[in-house]
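A short write-up of the structure that comes next.
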2 protein chains.
Amino acid sequence: MPGLKILVDSLEQIEPLNQEARAAILSADCVVRSYAAGRYVLRENDRADFIGIAIEGFAFSHKQTSSGSRQILSLILPGEALALENIYLNQLDCSIQALTTFSVGLIHRDAMKRFMMLHPTIANGISTMLAYRSSIYKEWMLNIGRRNAKERVGHLLCEIAVRLTGGNTTADRSFKFPLTQEQIGDALGLTAAHVNRAMKSLRNEGLLIREKTLFRLPEWDALCVLADFNDEYLTNE
Amino acid sequence: MPGLKILVDSLEQIEPLNQEARAAILSADCVVRSYAAGRYVLRENDRADFIGIAIEGFAFSHKQTSSGSRQILSLILPGEALALENIYLNQLDCSIQALTTFSVGLIHRDAMKRFMMLHPTIANGISTMLAYRSSIYKEWMLNIGRRNAKERVGHLLCEIAVRLTGGNTTADRSFKFPLTQEQIGDALGLTAAHVNRAMKSLRNEGLLIREKTLFRLPEWDALCVLADFNDEYLTNE
DNA sequence: AAAGTGCATAGACATATGTCATGTCCCCAG
DNA sequence: CTGGGGACATGACATATGTCTATGCACTTT
């Protein structure tokens, strides 16, 4: 049950669990599923039956307008929980789709509810994760609503760098992440063509080097200034 | 303690509370404060000491870029809770400002934490409120990122109409709400000038009538279609 | 009544971003 | 090794949105 172990670890990072709480989670039913890139993990308006723990690979959540344009709402990285709202809502309010081959542990919401009723520390941890995610939503709203294309792209790259590498920063802040320019655009409220222009400009200024899915941010401090990036919204200290 | 009564009522709408849970909340320390329009209720990066219950008047939360442009993140209506994230974060991740004369009941986060540890139904209710708010964040992200100005304005007006009047719809879906065009722009990632253009266009099409702070939406169905508005994200059924 | 303030309106113009078409490269299926 | 599809790159052009300026109206303050 790799998913359950990951969940316990994330919860313990927020607040220590007592023996019973830990045991309760570890005994849960957890189905591990694997999805090819592009496949739907959960769909908007489905019944909100499961929450998930990302085990390996990447996913993202999104919504669409009736005319079909897509807005990516969040990126889901290994170790992160997804669709926690399902514990509280009856219908999914967004879809979740695999970005790469993606394996996820699914736990039934009713099981989670039971654990949370019996163990307040679990309830507290789950809600804290929801609050962390909310902080990111808020920063994204600011990014999409109030920054120009170059700043938006830079900001997103900074966020991914921090979220992927945590504190363990490589010298040139490099990371592998398989987003296409179209997906970057969908996350930022831009078109792929314009993302291309913005990235070209960042490249010309020496702020970004890209080799396929490998991104390098050789001038971290300069990029943070340009993109108005400050990682406080990710650390929540 | 009007704030506490309101909080109990909102929680009970989510899930019935038992006698002890209700009594616990009603016995809480709750400071009622009143703010003139424009005053800050809570500031980003402040210590996250309090959550609030909006008693009367309106408020909004927002973030700013370093260059000073402001993004309004949410509107806070009477009866709604605000800054619930403070229970889980140590620092505020956005500011909250009064939109009109605004009175709010403030409860210390530690008190809330205590109630939630003792009464799982309270924890469940608070988290459900967080999840409701998240649903709105997601729809706003879609609105800001993927709809044009006219759709955005229409969508926001539809949302306010539904949230203010609930199901009790007046014939012409009219409501009083004191947003200036600049504030509408800040909520939608637009400039005031462009909001003006969008509203003019809605007016010309007979979809909007405005008299000071009174908005009328005489062609509700047509406006919903134009603005791609669907209230599911507000009802969470 | 006069002056001042805040907001809505409007037009001219600037610019950021979108749209579309094309070409290249590279990887993978055959 | 070969053909085709996907992603990236780039340029010409269209358009949505921003910027700036000016005006008028309703209110408040004096």
Side-chain angles (χ1 to χ4, degrees), chain A residues 36-38 65 67-71 98-101 143-157 176-205 208-216 226-228, chain B residues 36-39 65 67-71 98-101 143-157 176-205 208-216 226-227:
Chain A
T65 64
S67 65
S69 12
R70 177 176 71 167
Q71 177 66 43
L99 185 58
T100 59
T101 303
N143 202 33
I144 296 168
R146 286 301 182 205
R147 294 198 185 99
N148 66 30
K150 207 158 125 188
E151 294 165 346
R152 279 186 235 182
V153 172
H155 195 279
L156 179 64
L157 295 177
K176 288 198 74 165
F177 203 76
L179 277 182
T180 66
Q181 293 181 349
E182 179 164 9
Q183 290 161 340
I184 293 174
D186 284 350
L188 298 174
L190 297 168
T191 56
H194 205 61
V195 169
N196 188 290
R197 284 192 277 258
M199 290 182 65
K200 175 179 178 182
S201 166
L202 290 173
R203 212 186 312 134
N204 289 342
E205 294 178 33
L208 167 65
I209 299 167
R210 186 175 187 189
E211 298 147 5
K212 302 187 192 176
T213 67
L214 178 68
F215 293 82
R216 295 179 194 278
L226 178 137
D228 188 27
Chain B
R39 300 297 298 277
T65 64
S67 66
S69 10
R70 176 177 72 166
Q71 178 66 43
L99 184 58
T100 59
T101 303
N143 202 34
I144 296 167
R146 286 302 182 205
R147 295 199 184 99
N148 67 31
K150 207 158 125 187
E151 293 164 348
R152 281 187 234 182
V153 172
H155 195 280
L156 178 63
L157 295 177
K176 286 198 76 165
F177 203 75
L179 278 181
T180 66
Q181 292 183 349
E182 178 164 10
Q183 289 160 341
I184 293 173
D186 283 350
L188 297 174
L190 297 168
T191 55
H194 204 60
V195 170
N196 188 290
R197 285 193 276 256
M199 289 181 67
K200 175 179 176 179
S201 165
L202 291 173
R203 211 186 314 132
N204 288 341
E205 294 179 32
L208 167 65
I209 299 167
R210 187 176 187 187
E211 297 148 6
K212 304 189 189 175
T213 67
L214 178 68
F215 293 81
R216 295 179 194 277
L226 179 138

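Side-chain atoms are counted along with the backbone in the values below, which use heavy atoms only and exclude waters and symmetry mates. Chain letters run A, B, ... following the sequence lines, proteins first, then strands; residues in each count from 1.
Backbone-only engagement by Arg210(B) is indicated by non-hydrogen atom pairs under 4.0 Å involving sugar-phosphate atoms exclusively. If you check every strand for non-hydrogen atoms under 4.0 Å, Asn148(B) touches sugar and phosphate atoms only.
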Once base and sugar-phosphate atoms are separated, protein heavy atoms under 4.0 Å mark nucleotides 25-30 of chain C, 5' to 3', with B, S and - as --S---
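For DNA chain D, the contact window with chain B, defined by any atom under 4.0 Å from a protein heavy atom, covers dT17(D) to dC27(D) in 5' to 3' order.
A side-chain N or O of His194(B) and one of Arg197(B) form a donor-acceptor pair less than 3.5 Å apart.
Between Ala227(A) and Gly154(A), the shortest heavy-atom contact is CB-C, 3.6 Å. When all heavy atoms of Leu156(A) and Asn143(A) are compared, the closest pair comes out as N-ND2, 4.5 Å. Between Pro178(A) and Thr100(A) the shortest heavy-atom distance is CG-CG2, 3.1 Å.
Rounded to the nearest 0.5 Å, atoms CD1 (Ile209(B)) and CG (Leu202(B)) are 12.0 Å apart. One finds the OG1 atom of Thr65(A) at 10.0 Å from the NE2 atom of His155(B) (value rounded to the nearest 0.5 Å). Note that CG of Leu226(B) is 10.5 Å distant from CZ of Arg147(B), once rounded to the nearest 0.5 Å. The OG atom of Ser69(A) sits 9.5 Å away from atom CG of Asn148(B), with the distance rounded to the nearest 0.5 Å. Atoms CG and CZ, on Leu208(B) and Arg203(B) in that order, are 7.0 Å from each other to the nearest 0.5 Å.
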(request) Kindly indicate, with the supporting measurements, whether the criterion salt bridge (Lys or Arg N to Asp or Glu O under 4.0 Å) is fulfilled by Arg146(A) and Glu151(A). (result) CA-CA 10 Å; Arg146(A) 286 301 182 205; Glu151(A) 294 165 346; over 6 Å; no
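Using a cut-off of 4.0 Å between Lys/Arg side-chain N and Asp/Glu carboxylate O, Glu205(B) and Lys150(B) are scored as salt-bridged.
Taking every heavy atom of residues 181-193 of chain B and every atom of DNA chain D, pairs under 4.0 Å involve Gly189(B), Leu190(B), Thr191(B), Ala193(B), by number.
For Lys200(B) and dT9(C), the shortest distance from a side-chain N or O to OP1 or OP2 is not below 4.0 Å.
Rounded to an integer number of Å, the gap from CD of Glu211(B) to P of dA8(C) is 14 Å.
For Arg197(A) and dG18(C), a side-chain-to-base donor-acceptor distance below 3.5 Å is present, hydrogens and geometry of angles not being considered.
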